[in-house]
Trainee: 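Next up is a structure, given as structure tokens.
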Amino acid sequence: MKLYNELADWWPLMSPHTEYEEEAGLYLEIVKRYHPDIQKAVEFGSGGGSNAYYLKRHFSMTLTDLSPNMLKVSRELNPDCEHIEGDMRNLDLGEEFDLVFIHDAITYFTDKSDLLAVMHNAKKHLNKKGILMIMTDQFEETFKPSTGHGGSDQGKRGMRYLEWTYDNDPEDKTTETEYVYVMREEDGRVVREFDHSKDGLFSMPEWEGLLAQAGFQAHFERVEYEDVEGNFFAIVATF
């Protein structure tokens with residue numbers, strides 16, 4: 001996506017880290033129920049580092065992402081965290097953690113073999129008491145077409161976006177999202193861009209089965225907060 005590459009420096013205006021405090025707090029509550037003494041965590045697909053900004057107050061965070069541009073954004077927000085460029089399917093950090101956290105970046109995988117590779121790699125990075133937490137955006141059981149909008153201003157710069165998520169083919173295990181970005185530069189110039197993503201749409205039993213293949217037991221935890229309507233679930237995977 002353009003947003004994670006050539007447009008990455010607009011990310012803090014599209015999705016400010018200040019909007020993540022409640023969300024990160026709910027994630028923390030869930031992981032603490034399964035592992036109350038987390039000391040060291042790694043996030044796969046950490047993006048702009050907004051969740052890490054709050055989670056790092058409770059344990060050390062290593063942040064990894066495929067996009068060097070998004071890592072640059074995150075370094076500015078989280079200079080105290082180690083940042084490593086790599087693909088969550090096969091990166092090797094050479095150490096074990098109490099928690100592997102994967103936010104919505106995992107939603108971009110549309111092939112089960114990729115999901116399984118991520119799960120195996122997460123297991124390789126966990127110690128014997130470690131847990132994996134996955135926050136995919138959608139499940140077959142709960143998916144509904146939707147539209148969204150947002151954005152913010154930062155000085156004279158500003159960004160607004162519109163997104164539309166739909167399922168073009170209910171048989172292909174994917175959904176589509178179209179984006180429109182409107183960006184105002186400091187000099188008043190306005191730029192418009194279009195973007196697109198194709199995302200995986202799998203059922204809860206499919207997620208459970210893949211995690212079992214990787215050696216995990218899956219637990220589905222309902223997450224409820226003001227900015228999200230409907231059924232939203234975290235997957236906590238234990239040994």
Side-chain angles (χ1 to χ4, degrees), residues 20 23-67 70-71 74 78 80-109 111-139 200 202-223 232-239:
Y20 287 73
E23 180 179 350
L26 293 171
Y27 299 160
L28 180 66
E29 288 179 11
I30 292 171
V31 298
K32 286 289 189 179
R33 288 204 296 269
Y34 287 86
H35 194 324
D37 190 31
I38 293 173
Q39 302 294 318
K40 188 168 66 168
V42 59
E43 182 173 356
F44 288 176
S46 54
S50 297
N51 280 300
Y53 180 79
Y54 299 100
L55 294 176
K56 69 183 181 183
R57 301 174 184 179
H58 303 274
F59 37 76
S60 70
M61 294 283 295
T62 298
L63 306 181
T64 74
D65 201 273
L66 190 59
S67 166
M70 291 300 284
L71 286 172
S74 180
N78 302 297
D80 47 340
C81 293
E82 182 178 11
H83 288 76
I84 298 173
E85 183 180 340
D87 188 319
M88 69 174 81
R89 291 169 291 188
N90 52 37
L91 69 90
D92 186 355
L93 302 178
E95 58 181 313
E96 295 181 341
F97 298 83
D98 301 306
L99 168 68
V100 173
F101 176 63
I102 310 176
H103 197 235
D104 52 8
I106 200 167
T107 312
Y108 295 121
F109 291 116
D111 192 297
K112 287 184 180 180
S113 64
D114 289 321
L115 292 178
L116 188 58
V118 172
M119 294 168 185
H120 279 298
N121 201 31
K123 185 178 180 182
K124 183 176 75 173
H125 284 88
L126 287 169
N127 58 41
K128 292 181 180 180
K129 295 183 179 180
I131 61 172
L132 165 63
M133 182 172 178
I134 297 173
M135 291 303 309
T136 183
D137 273 347
Q138 53 195 28
F139 298 96
F202 303 101
S203 68
M204 290 180 171
E206 285 175 304
W207 279 98
E208 187 174 16
L210 288 169
L211 284 162
Q213 287 184 56
F216 289 103
Q217 181 179 354
H219 311 267
F220 294 90
E221 294 278 351
R222 188 184 298 274
V223 182
F232 191 48
F233 290 88
I235 306 172
V236 179
T238 58
F239 296 133

Trainee: Are side-chain heavy atoms of L91 and I84 found at a separation under 4.5 Å?
Mentor: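 Counting from C-beta outward, L91 and I84 never come under 4.5 Å.
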Trainee: Test of understanding: with salt bridge (Lys or Arg N to Asp or Glu O under 4.0 Å), list the residues that count as partners of K129, not counting sequence neighbours.
Mentor: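 If we apply the salt bridge (Lys or Arg N to Asp or Glu O under 4.0 Å) test to K129, skipping adjacent residues, there are no hits.
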Trainee: Please report the closest heavy-atom contact between H125 and G94, naming both atoms and the distance.
Mentor: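 That closest heavy-atom pairing would be NE2-N, 4.4 Å.
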Trainee: Quick check for you: to the nearest 0.5 Å, what is the distance between I102 atom CD1 and T107 atom OG1?
Mentor: 10.5 Å
Trainee: For M119 versus A214, what's the shortest heavy-atom pair and its separation?
Mentor: CB-CB, 3.7 Å
Trainee: Please confirm whether the backbone N or O of F101 pairs with a side-chain atom of H103, one donor and one acceptor, at under 3.5 Å?
Mentor: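 Answer holds: no.
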Trainee: Which pairs pass salt bridge (charged side-chain N to carboxylate O under 4.0 Å, His left out) with one or both residues in residues 43-65, sequence neighbours excluded?
Mentor: K56-D80
Trainee: Supply the atom-to-atom distance R89 CZ to I106 CD1, rounded to the nearest 0.5 angstrom.
Mentor: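 So the CZ of R89 and the CD1 of I106 are separated by 11.0 Å.
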Trainee: Hey, does F202 have a side-chain heavy atom less than 4.5 Å from the side chain of L210?
Mentor: no
Trainee: When you measure from the side chain of Q39 to the backbone N and O of S60, does any donor-acceptor pair fall under 3.5 Å?
Mentor: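 Not at all, since once roles are kept as given, no pair shorter than 3.5 Å links the two residues.
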Trainee: Mind listing the closest non-hydrogen atom pair of G49 and S74 along with its distance?
Mentor: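 The pair with the smallest heavy-atom distance is CA-OG, 3.5 Å.
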Trainee: Please name all residues satisfying ring pair (Phe, Tyr, Trp, His ring centres under 6.0 Å) with F59, sequence neighbours left out, ordered by chain then number.
Mentor: none
Trainee: Does the side chain of M88 reach to within under 4.5 Å of the side chain of N121, using non-hydrogen atoms?
Mentor: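 With C-beta onward as the side chain, the pair stays apart.
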Trainee: Can you list everything that forms a side-chain contact (heavy atoms from CB on, under 4.5 Å) with I30? Sequence neighbours excluded, please.
Mentor: R33, Y34, M133, E221, V223, A234, V236
Trainee: On a heavy-atom basis, which atom in I235 and which in A218 lie closest, and how many Å separate them?
Mentor: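 That closest heavy-atom pairing would be CG2-CB, 4.3 Å.
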Trainee: Mind checking what makes side-chain contact (heavy atoms from CB on, under 4.5 Å) contact with H58, not counting sequence neighbours?
Mentor: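 Checked H58 against side-chain contact (heavy atoms from CB on, under 4.5 Å); matches are L28.
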Trainee: Ignoring hydrogens and geometry, is there a side-chain-to-backbone donor-acceptor pair from E23 to Y20 under 3.5 Å?
Mentor: no
Trainee: Are L126 and F216 packed together at the side-chain level, in the sense that at least one heavy-atom pair is separated by less than 4.5 angstrom?
Mentor: yes
Trainee: Could you pull out the closest heavy-atom pair between L71 and T64, with the gap in Å?
Mentor: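 The answer is CD2-C, 4.3 Å.
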Trainee: Do V31 and L55 have side chains that approach each other closer than 4.5 Å (heavy atoms only, starting at C-beta)?
Mentor: no
Trainee: Apply salt bridge (Lys or Arg N to Asp or Glu O under 4.0 Å) to E82 and list each qualifying residue two or more places apart in sequence or on a separate chain.
Mentor: none
Trainee: Ignoring hydrogens, what is the shortest heavy-atom contact between F97 and A41? Give both atom names and the distance.
Mentor: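 Closest approach of F97 to A41: CD2-C, 3.6 Å.
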Trainee: How would you list all residue pairs meeting side chain to side chain donor-acceptor pair (under 3.5 Å) that involve residues 209-219, not counting sequence neighbours?
Mentor: H219-T238
Trainee: Are K123 and F239 side-chain neighbours, meaning at least one heavy-atom pair lies under 4.5 Å?
Mentor: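 In short, these two side chains touch, coming nearer than 4.5 Å.
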Trainee: Is the shortest heavy-atom distance from the side chain of W207 to the side chain of F139 under 4.5 Å?
Mentor: yes
Trainee: Tell me which pairs pass salt bridge (charged side-chain N to carboxylate O under 4.0 Å, His left out) where either residue lies in residues 94-106, with sequence neighbours left out.
Mentor: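 Pairs touching residues 94-106 that pass the test: K40-E95.
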Trainee: Can you name the residues that form a salt bridge (Lys or Arg N to Asp or Glu O under 4.0 Å) with E208, not counting sequence neighbours?
Mentor: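 E208: no salt bridge (Lys or Arg N to Asp or Glu O under 4.0 Å) contacts found.
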Trainee: In chain order, what residues pass the side-chain hydrogen bond (donor to acceptor under 3.5 Å, both in side chains) check against D92, with sequence neighbours excluded?
Mentor: none
Trainee: Distance check, rounded to the nearest 0.5 Å: Q138 atom CD versus F232 atom CZ?
Mentor: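 The distance works out to 10.5 Å.
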Trainee: May I ask you to decide if F109's main-chain N or O and D114's side chain share a donor-acceptor pair within less than 3.5 Å?
Mentor: no
Trainee: For A122, enumerate each residue passing the side-chain contact (heavy atoms from CB on, under 4.5 Å) test, keeping only those at least two apart in sequence or located in another chain.
Mentor: F44, V100, L132
Trainee: Considering residues at least two apart in sequence or located in another chain, which fulfil the side-chain contact (heavy atoms from CB on, under 4.5 Å) criterion with N90?
Mentor: D87
